[in-house]
Asker: 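Pasting a structure here, questions to come.
Ligands are counted one by one from 1 in listed order, and the atoms in each one are counted from 1 as well.
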Amino acid sequence: MPQPKRVLLTGHQGYIGAVMGPFLETKGYDVVGLDTGYFDECNLMPDTYTFPTIRRDIRNLMPQDVAGFDAIVHLAALSNDPIGNLVESWTEDINHKASVRLAELAIDAGVSRFLFSSSCIMYGMSSTNEVNEDSPLAPQTEYARSKVKTEEALREMANDSFSPTCLRNGTIYGISPHMRFDTVLNSLVGLAYTTKKVIVQSDGKPWRPVIHVSDVARSFEQVLRAPIEDVHNQAFNNGADHLNHQVIELANIAVEAVPGSSIEVRADAGADQRTYKASFAKFAKTFPDFEWKFNARTGAQELADTFARINLSSDDFTGPRFTRLKWLQRLLEGGVLDSDLRWAEPVAVASK
Ligand SMILES: NC(=O)c1ccc[n+]([C@@H]2O[C@H](COP(=O)([O-])OP(=O)(O)OC[C@H]3O[C@@H](n4cnc5c(N)ncnc54)[C@H](O)[C@@H]3O)[C@@H](O)[C@H]2O)c1
């Protein structure tokens with residue numbers, strides 16, 4: 001099968017998409033972005049992509065949206081537990097049902113490769129030391145359930161001419177034009193930078209695999225051009241073993257990156273106790289030459305240096321623009337989005 005060339009990238013205006021889209025362009029792919037634009041105005045720095053885009057809610061996809069592509073990289077989703085907990089049907093409809101329909105349209109249109117941005121969160125509170133792709137899944141939130149259900153559906157849909165691959169990411173960090181401060185390392189370094197104090201609201205023991213957003217873009221691209229038999233109907237934990245950290249280690253790394261900052265641990269019974277230490281052996285075995293360019297330490301330093309360069313303000317750090325739940329709530333409260341999370345006023349479908 002020839003290498004994919006034309007790629008439909010859903011969620012290109014999100015945190016990952018704003019890095020992945022330009023990266024795919026530099027690698028010579030013909031990219032078309034598709035996004036409803038929830039975070040249109042949420043730029044920490046200007047977008048750098050030059051590809052054409054379709055402004056569309058993935059719940060309203062049309063067959064022509066997917067026609068003519070070799071591959072779909074599917075990032076568009078409500079990417080957050082708290083959003084899913086707010087109104088569960090949003091996450092069910094957008095993350096699960098619309099993803100399945102996108103895959104159905106892809107099959108009808110003869111799109112052969114489908115990369116699904118999944119999450120290690122589906123392992124939940126693991127009782128085993130380390131979770132691999134065969135470990136039992138224990139999704140604890142609507143968001144995590146949406147990833148499990150979509151992976152299951154994709155597995156059923158795979159056939160000789162449709163190859164889904166599910167990439168189960170850890171928690172992602174690093175600079176993106178459409179920044180998020182609601183992921184763990186971004187938040188810790190942002191706190192260290194803006195307040196000089198990192199407060200850990202738990203004993204800090206839970207594990208988190210963390211992965212740099214640029215490495216996510218590179219790993220997806222690696223899968224995109226892999227021989228199809230290596231990735232056909234497979235799930236991969238996307239990352240590397242040395243990228244597993246306990247939250248307390250990440251907090252220490254954050255304060256080390258920001259001179260003058262310090263750490264305070266406040267063990268709180270209500271704190272987030274999700275833990276998942278992931279094995280990335282399958283990815284390493286399948287892609288032995290792939291190198292992860294960042295680790296938590298170099299990534300934290302990059303974050304701190306960038307915050308200093310752009311003079312990140314407390315308002316930007318704590319305000320709504322870079323925290324997904326807060327921004328959507330603002331759009332809802334302002335009547336810009338309706339109660340189904342659709343634009344109250346019709347928006348232009350045309351793109352740049
Ligand atoms: N960021 C992480 O730490 C992380 C970890 C694991 C998995 N993931 C997954 O990676 C993907 C991208 O994550 P992200 O951090 O870039 O999220 P994000 O919230 O920054 O971006 C998601 C994008 O999808 C778009 N979108 C949402 N609903 C849509 C709809 N109905 N129609 C069209 N577009 C819609 C949004 O406008 C946004 O641009 C998601 O599937 C997420 O679940 C992210």
Asker: When you measure from atom 2 (C) of ligand 1 to each heavy atom in Thr36, Thr150, Ile172, which option holds the nearest one?
Answerer: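 Selected option, by shortest heavy-atom distance: Ile172.
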Asker: For ligand 1, is there an N or O atom under 3.5 Å from any N or O atom of Thr171?
Answerer: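 No, since none of the N or O atoms of Thr171 sits under 3.5 Å from an N or O of ligand 1.
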Asker: Which pairs pass ring pair (Phe, Tyr, Trp, His ring centres under 6.0 Å) with one or both residues in residues 225-249, sequence neighbours excluded?
Answerer: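 Counting only pairs at least two positions apart or across chains, the ring pair (Phe, Tyr, Trp, His ring centres under 6.0 Å) contacts touching residues 225-249 are Phe236-Phe287.
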Asker: Is a donor on one side and an acceptor on the other found under 3.5 Å between the side chain of Asp338 and the backbone of Ala344?
Answerer: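 Absent.
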Asker: Can you classify the ring geometry of Phe162 versus Phe114 as parallel (below 30°), tilted (30 to 60°) or perpendicular (above 60°)?
Answerer: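 Because their plane-to-plane angle lies in the 30° to 60° range, the rings of Phe162 and Phe114 count as tilted.
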Asker: Counting heavy atoms only, name the option from Asp35, Ile121, Leu341 that's nearest to atom 39 (O) of ligand 1.
Answerer: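 That would be Asp35.
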Asker: Is the number of heavy atoms from other residues, nucleotides or ligands within 6.0 Å of NZ (Lys27) greater than 12?
Answerer: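 Counting neighbours around NZ of Lys27, 12 or fewer heavy atoms of other residues, nucleotides or ligands fall under 6.0 Å, so no.
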Asker: Quick one: does Arg56 get within less than 4.0 Å of ligand 1, heavy atoms only?
Answerer: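 Yes.
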Asker: Quick one: closest heavy-atom pair of Ala235 and Glu151, and the distance?
Answerer: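 Heavy atoms only, the tightest pair is CB-OE1, 4.0 Å.
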Asker: With under 30° as parallel and over 60° as perpendicular, where do the rings of His212 and Tyr173 fit, or are they tilted in between?
Answerer: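 His212 vs Tyr173 ring planes: perpendicular.
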Asker: Does ligand 1 come near enough to Gly14 that some N or O of the ligand is less than 3.5 Å from an N or O of the residue?
Answerer: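 It does: an N or O of Gly14 is found under 3.5 Å from an N or O of ligand 1.
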Asker: Answer yes or no: does an N/O atom from Gly17 fall short of 3.5 Å to an N/O atom of ligand 1?
Answerer: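 Between Gly17 and ligand 1 (N or O atoms, distance only) the closest approach is not under 3.5 Å.
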Asker: Consider every N or O of Ser118 and every N or O of ligand 1, then say whether any pair is closer than 3.5 Å.
Answerer: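 Checking ligand 1 against Ser118, no N or O pair falls under 3.5 Å apart.
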Asker: Record the part of Asp57 in heavy-atom contact with ligand 1 below 4.0 Å; permitted values are side chain, backbone, both and neither.
Answerer: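 Under 4.0 Å from ligand 1, Asp57 contributes backbone and side-chain atoms.
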Asker: Using heavy atoms and a threshold below 4.0 Å, how should the contact between Lys147 and ligand 1 be classified: side chain, backbone, both, or neither?
Answerer: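 The part of Lys147 near ligand 1 is the side chain, not the backbone.
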Asker: Tell me whether Gly170 reaches ligand 1 (any heavy atom closer than 4.0 angstrom to a ligand atom).
Answerer: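 Contact present.
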